[in-house]
Asker: 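One structure, as structure tokens, below. Some questions next.
Just follow the structure's listing: the first ligand is 1, and inside any ligand the first atom is 1.
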Amino acid sequence: MPLKVYRGETPDPRQATRDAVAVVRRGLLPIVEIFYSLQGEGVRTGQATVFVRVAGCSLACSFCDTDFRVRREMTVDEIVDEVIGYGCPWVCLTGGEPTLFDLQPLCDRLHAHSFFLQIETNGQHPRPSWRLDHITVSPKESEGGHLHPWYQDHAMEFKVVIDTPADLERARAYPAAGHPGGPLLYLQPNALNPDAVSLCIEAVKADPTRLRLSLQTHKLLQIR
Ligand code: SF4
């Protein structure tokens with residue numbers, strides 16, 4: 001399949017990923033930023049969280065607004081020390097795409113310090129050996145991504161960006177809370193498309209047991 005032309009507003013993820021791979025080859029982790037804020041999306045909305053943003057991504061979504069270039073080259077110890085400094089029990093591993101690189105040593109060290117770990121992933125690369133307390137999957141199938149079947153059974157929430165009715169149909173195919181013990185299914189309207197908001201609201205009203213609306217509340221509040 002030919003490579004998709006990247007139309008997003010951030011630097012090309014392929015170059016960012018090549019740079020991140022080079023950092024890993026030097027025995028370090030490629031980090032964009034570590035910061036303390038509130039989780040703005042999905043079921044953990046409003047919960048204080050330390051975010052560790054890992055550089056690089058496996059996709060090149062047209063609506064991407066994340067800068068995932070390498071800003072810091074860090075050891076596991078350096079990351080853990082910085083996270084401890086915030087004094088918050090929840091850590092979110094995000095990206096880019098944090099499953100591109102082996103974060104198991106980082107997960108193990110953070111758990112040894114009793115942190116709870118959330119991961120936000122596009123769901124292409126399962127990491128079953130990592131111990132994670134909350135798995136958020138945001139599949140990007142309209143952008144050429146594919147959901148690995150492992151996540152069908154292990155995701156705790158699906159968060160699906162909705163731009164068109166076709167996205168809505170794809171979202172309805174994911175397992176959701178309407179099934180006993182199933183994950184939560186959140187519709188997140190593409191912030192660049194006002195029609196997507198009403199599309200999501202009507203869909204949630206029509207399917208109240210399976211669907212929920214997710215807004216990027218951190219953007220509404222103008223926090224990170
Ligand atoms: S998967 Fe996420 S971080 Fe990667 S290009 Fe798509 S929107 Fe951006």
Side-chain angles (χ1 to χ4, degrees), residues 1-21 23-24 29-35 37 39-42 44-45 49 51-72 91-101 103 118-127 130 132 134-152 154-164 166-168 170-171 174 183 185-193 196-197 200 214-219 224:
M1 194 171 89
L3 283 179
K4 192 167 172 291
V5 175
Y6 180 59
R7 293 179 287 120
E9 294 177 1
T10 61
D12 192 323
R14 294 183 189 93
Q15 183 59 51
T17 303
R18 281 193 289 272
D19 294 343
V21 167
V23 172
V24 170
L29 289 175
I31 301 300
V32 181
E33 56 185 348
I34 299 173
F35 63 98
S37 187
Q39 174 56 266
E41 304 173 353
R44 293 193 55 251
T45 293
T49 302
F51 292 84
V52 177
R53 188 182 306 285
V54 180
C57 189
S58 52
L59 291 175
C61 301
S62 56
F63 49 74
C64 184
D65 59 1
T66 304
D67 185 351
F68 33 62
R69 288 174 291 182
V70 178
R71 303 288 185 186
R72 308 177 68 182
V91 178
C92 179
L93 304 172
T94 187
E97 178 45 54
T99 63
L100 282 180
F101 306 107
L103 302 184
Q118 177 184 16
I119 195 165
E120 293 181 330
T121 173
N122 61 29
Q124 289 194 287
H125 316 281
R127 289 289 191 172
W130 299 2
L132 296 161
H134 191 91
I135 299 176
T136 301
V137 182
S138 186
K140 304 289 191 309
E141 291 177 308
S142 66
E143 299 289 320
H146 63 272
L147 180 68
H148 191 285
W150 184 82
Y151 289 101
Q152 295 275 356
H154 294 86
M156 293 162 191
E157 61 177 330
F158 286 100
K159 196 175 56 184
V160 188
V161 177
I162 302 296
D163 205 12
T164 67
D167 297 330
L168 198 52
R170 264 190 294 271
Y174 298 125
L185 177 48
Y186 280 90
L187 306 181
Q188 187 161 290
N190 178 359
L192 302 176
N193 177 7
V197 177
C200 290
S214 174
L215 297 176
Q216 294 179 297
T217 56
H218 52 295
K219 291 188 178 174
R224 297 174 78 199

Asker: Using heavy atoms and a threshold below 4.0 Å, how should the contact between Cys57 and ligand 1 be classified: side chain, backbone, both, or neither?
Answerer: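 Looking at Cys57 and ligand 1, just side chain atoms fall under 4.0 Å.
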Asker: With heavy-atom distances below 4.0 Å as the criterion, list the atoms of ligand 1 near Phe68.
Answerer: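 Counting from 1, the qualifying ligand atoms are 3 (S), 8 (Fe).
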Asker: I want to confirm something. Looking only at heavy atoms, which of Gly96, Gly95, Cys61 is nearest to atom 7 (S) of ligand 1?
Answerer: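 The residue whose heavy atom sits nearest atom 7 (S) of ligand 1 is Cys61.
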Asker: How far apart are the C-alpha atoms of Ser58 and Glu97, what are their side-chain angles, what is the distance that settles it, and do they pass the side-chain hydrogen bond (donor to acceptor under 3.5 Å, both in side chains) test?
Answerer: CA-CA 7 Å; Ser58 52; Glu97 178 45 54; 5.1 Å; no
Asker: Is Thr66 reaching over with its side chain to a backbone N or O of Gly96, donor-acceptor style, under 3.5 angstrom?
Answerer: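 No; judged by distance alone, with no hydrogens or angles, the pair does not exist.
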Asker: Between Glu143 and Ser62, does any side-chain donor sit less than 3.5 Å from a side-chain acceptor?
Answerer: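 Yes.
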Asker: Looking at Leu59, which atoms of ligand 1 are within less than 4.0 Å of one of its heavy atoms?
Answerer: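 Under 4.0 Å from Leu59, ligand 1 has these atoms: 5 (S).
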Asker: Please check: side-chain N/O of Thr94 versus main-chain N/O of Glu120, any donor-acceptor pairing under 3.5 Å?
Answerer: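 Checked: no pair found.
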